[in-house]
Amino acid sequence: MKTTLKVWTGLGLATALVGAGCSDETANEAETVPAAETGEAGEGGESGEGGVEIATAGTDPVVYGTALAIVEAHVIAARDAYALGKTDAAAEMFAHPVSEVLIDMDPVFEERGVADFKPLLVAASTGALAGESTEQINGHHDGIIAALRGAADKGPDSGAPEADVLASIVADMIGRAVAMHGEAASSERYEPYLDGYGFYRTGVTAFAASKDAIKAVNEPLHERITKALDLLAAAYPSAERPDALKANQGELSAASSSVQLSLLPAQ
């Protein structure tokens, strides 16, 4: 349990442990573990993460959907890292969204009738550190994804065209993946690469579900998203960080910017 708490504490999740049903005594124990003992911990300096305007999530479907997509990105990264035997990284990826997104989203979810699913991520993180089988971890992943889909069904409707909303969420995932690749390229740390991989994979999934609708209303945007995701596919070939990151950061950034510009209404 102490090993688990060290990982969670480094991620700033003592509060989340209480919310997920741990006792006050357990939470207090977590708070006493120095964050330095966890090694690379927390989101500090990861420029591609966070930045969600939670205050508008209850009315803006893009913000709401982006918050869910960030969670999905971490869960995908966790599952795929675990399959590679990277237990600690997987546990951190499962745990990150609790403090990074979900605690702040609690009031929004409550208002929209979404059941609290933070315990699902805590259980997945615990299971990863406990050495559960790949099948068990995949089961955690599937349960969380199902909860995310259920939450998406209860999201706000601003009246904006669905294709515009979905394209904006995909564009956000692309931007985050590009930003994290830049950070990964400046160090040998695994976590930024894994974060970016998750954002990329989530962008692919979201685009697959929306590309026909996007193409029907904005073919140039469809083409630019396709190009950006193709470049990211080469940048993130798998959850395993390559020995050398060979993708051109300038090309990635230009592709992401091109997608963002295509989202802007014509003047």
Residues which pass salt bridge (Lys or Arg N to Asp or Glu O under 4.0 Å) with D104, listed by chain and number, not counting sequence neighbours: none
For H222, all residues meeting ring-ring contact (aromatic ring centres under 6.0 Å, His included), sequence neighbours excluded: F207
Residue list, salt bridge (Lys or Arg N to Asp or Glu O under 4.0 Å) with E240, at least two apart or on another chain: K86
Residues which pass salt bridge (Lys or Arg N to Asp or Glu O under 4.0 Å) with R112, listed by chain and number, not counting sequence neighbours: none
Residue pairs fulfilling salt bridge (Lys or Arg N to Asp or Glu O under 4.0 Å) with at least one residue in residues 122-143, sequence neighbours excluded: none
Side-chain donor-acceptor pairs under 3.5 Å in residues 153-162, sequence neighbours left out?
residue: K154; atom: NZ; partner: G113; partner atom: O; Å: 2.7
residue: D157; atom: OD1; partner: G159; partner atom: N; Å: 2.8
residue: S158; atom: OG; partner: A160; partner atom: N; Å: 3.4

Those residues that, when tested against S253, pass side-chain contact (heavy atoms from CB on, under 4.5 Å) (two or more places apart): V178, Q249
R176 (side chain) donor-acceptor with I70 (main chain) under 3.5 angstrom: no
Summary of ring pair (Phe, Tyr, Trp, His ring centres under 6.0 Å) pairs that have at least one residue in residues 112-165, sequence neighbours excluded: F109-F117
Ring pair (Phe, Tyr, Trp, His ring centres under 6.0 Å) pairs, two or more places apart, involving residues 146-194: H181-Y236, Y193-Y236
Salt bridge (Lys or Arg N to Asp or Glu O under 4.0 Å) contacts in which one or both residues fall within residues 204-227, not counting sequence neighbours: none
Under 3.5 Å: donor-acceptor pair, side chain of E92, backbone of A89: no
Results of side chain to side chain donor-acceptor pair (under 3.5 Å) for N218 - residues two or more places apart only: none
Counterpart residues, side chain to side chain donor-acceptor pair (under 3.5 Å), relative to D230 (two or more places apart): none
